[in-house]
There are 2 protein chains.
Amino acid sequence: MHILTLLAKANGEWLTSDFIAGSININPVLVRKEISNLRNNGLVISREGKNGGSLLAKPAQQIRVSDVFLATRQGAFLGTARNTPNPDCPVGKQINQQLDNLYEEAENALIQKLGDSTLDDFSQRFD
Amino acid sequence: MHILTLLAKANGEWLTSDFIAGSININPVLVRKEISNLRNNGLVISREGKNGGSLLAKPAQQIRVSDVFLATRQGAFLGTARNTPNPDCPVGKQINQQLDNLYEEAENALIQKLGDSTLDDFSQRFD
DNA sequence: AAAACTGTAACAAATTTTATTACAATAAAT
DNA sequence: ATTTATTGTAATAAAATTTGTTACAGTTTT
């Protein structure tokens with residue numbers, strides 16, 4: 001959201017990973033990695049070379065916050081089952097599947113809520 | 001949820017941390033730590049000594065899934081801001097506050113959804 | 001040709017999570 | 001009473017994940 005907000009407020013200027021990293025206060029390589037992901041999800045475009053940088057791929061009014069969530073989430077966001085429960089226990093045997101079901105329902109409610117507002121709405125909250 | 005589901009299906013029997021750990025397939029000390037948290041949140045009661053263990057503090061019909069979420073979440077669940085953005089950037093200066101606002105709204109929608117079902121509903125999904 | 005960028009890989013450091021060991025305190029069973 | 005089984009908790013260790021760094025080839029403008 002930080003990256004995208006900067007891009008939304010850049011008004012067509014190509015922002016460099018260095019500039020963005022300076023605002024977030026992290027390493028530019030991490031910014032480039034995340035931008036790579038946002039690009040793969042159709043939210044930004046980038047150009048290489050001198051005067052390169054990134055730009056929103058479409059108007060901020062057309063990017064829902066849920067699109068950002070979907071692009072940036074990594075697997076299940078509510079609890080990542082890192083353990084392998086006991087298959088000989090009736091609960092252990094099914095718990096991961098049942099939790100996945102529960103999480104999916106919960107996520108759908110969340111996504112619906114996040115679909116109510118756009119990147120433009122969000123970025124207008126800043127001075 | 002795994003711990004609570006086992007307790008819900010135990011029908012008044014005191015389950016030991018060893019038994020629960022065997023179902024989850026983790027170390028019993030981790031179970032005792034989480035039970036300590038659930039106890040502090042009024043969801044389970046425990047007793048020490050021989051034949052000790054834990055029990056639900058109230059009927060599973062009276063425990064909403066949102067109660068479990070609220071008891072077990074650690075801080076903000078959507079993105080934990082571990083970085084300190086640049087205070088000299090208009091976006092950096094405000095981003096954490098604005099994200100907190102966004103997350104809070106989103107969480108409220110999630111909590112409302114999770115309030116629709118109870119631990120009893122969840123545990124009945126198991127054989 | 002030089003300068004300013006991106007893209008990406010390889011590696012290192014820091015942080016967080018998970019596991020283990022240990023043991024005092026407690027309560028039931030014998 | 002003593003033994004046994006259990007919780008509660010601290011201290012420490014190991015493993016996994018996240019974050020940061022360095023390096024450099026490739027790209028595009030000047």
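Within 6.0 Å of CZ in B/Phe126 there are more than 12 heavy atoms belonging to other residues, nucleotides or ligands.
Contact between the side-chain N/O atoms of B/Asn51 and the OP1/OP2 oxygens of C/dA27 is not found at any separation under 4.0 Å. Remark: A/Arg39 is in phosphate contact with C/dG7, judged by side-chain N or O atoms under 4.0 Å from OP1 or OP2.
At least one side-chain heavy atom of A/Ile35 sits less than 4.5 Å from a side-chain heavy atom of A/Ile20.
Taking only side-chain atoms of B/Lys50, from C-beta outward, the nucleotide of C/dT8, C/dT21, D/dA5 with the closest atom is D/dA5. Nearest to the side chain of B/Ser46, among D/dA10, D/dT22, D/dT7, sits D/dT7. With C/dA27, D/dG20, D/dT30 as the candidates, the nucleotide lying closest to the side chain of A/Lys33 is D/dG20.
Regarding B/Leu30, its CG atom lies at a distance of 18 Å from the P atom of C/dT16, rounded to whole Å. The separation between B/Glu48 atom CD and D/dA5 atom P is 17 Å, rounded to whole Å. Separating the CG atom of B/Leu15 from the P atom of D/dA5 is a distance of 18 Å, rounded to the nearest angstrom. A/Arg47 has its CZ atom 16 Å from the C1' atom of D/dG26, to the nearest Å. Straight-line distance from the CD1 atom of B/Ile45 to the C1' atom of D/dG8: 16 Å, rounded to whole Å. One interatomic measurement links the two molecules: CZ of A/Arg32 to P of D/dT19, which rounds to 18 Å at whole-angstrom precision. When rounded to the nearest whole Å, the span between CG of A/Asn27 and P of C/dA9 equals 16 Å. Residue A/Asp18 contributes atom CG, which lies 14 Å from atom C1' of C/dA3 at whole-angstrom precision.
Separation of atoms CD (A/Glu104) and CG (A/Leu99) is listed at 13.0 Å; rounding is to 0.5 Å. Distance check: B/His2 NE2 to A/Gln94 CD gives 11.0 Å after rounding to the nearest 0.5 Å.
Sequence neighbours left out, the pairs with a member in residues 43-66 of chain B that pass salt bridge (Lys or Arg N to Asp or Glu O under 4.0 Å) are B/Arg64-B/Asp67.
Along DNA chain C, the nucleotide closest to A/Ser36 and the one closest to A/Gly49 are compared, and the more 5′ of them pairs with A/Gly49.
Nucleic acid contact for B/Ser54: none, since no nucleic acid atom lies under 4.0 Å from a heavy atom of the residue.
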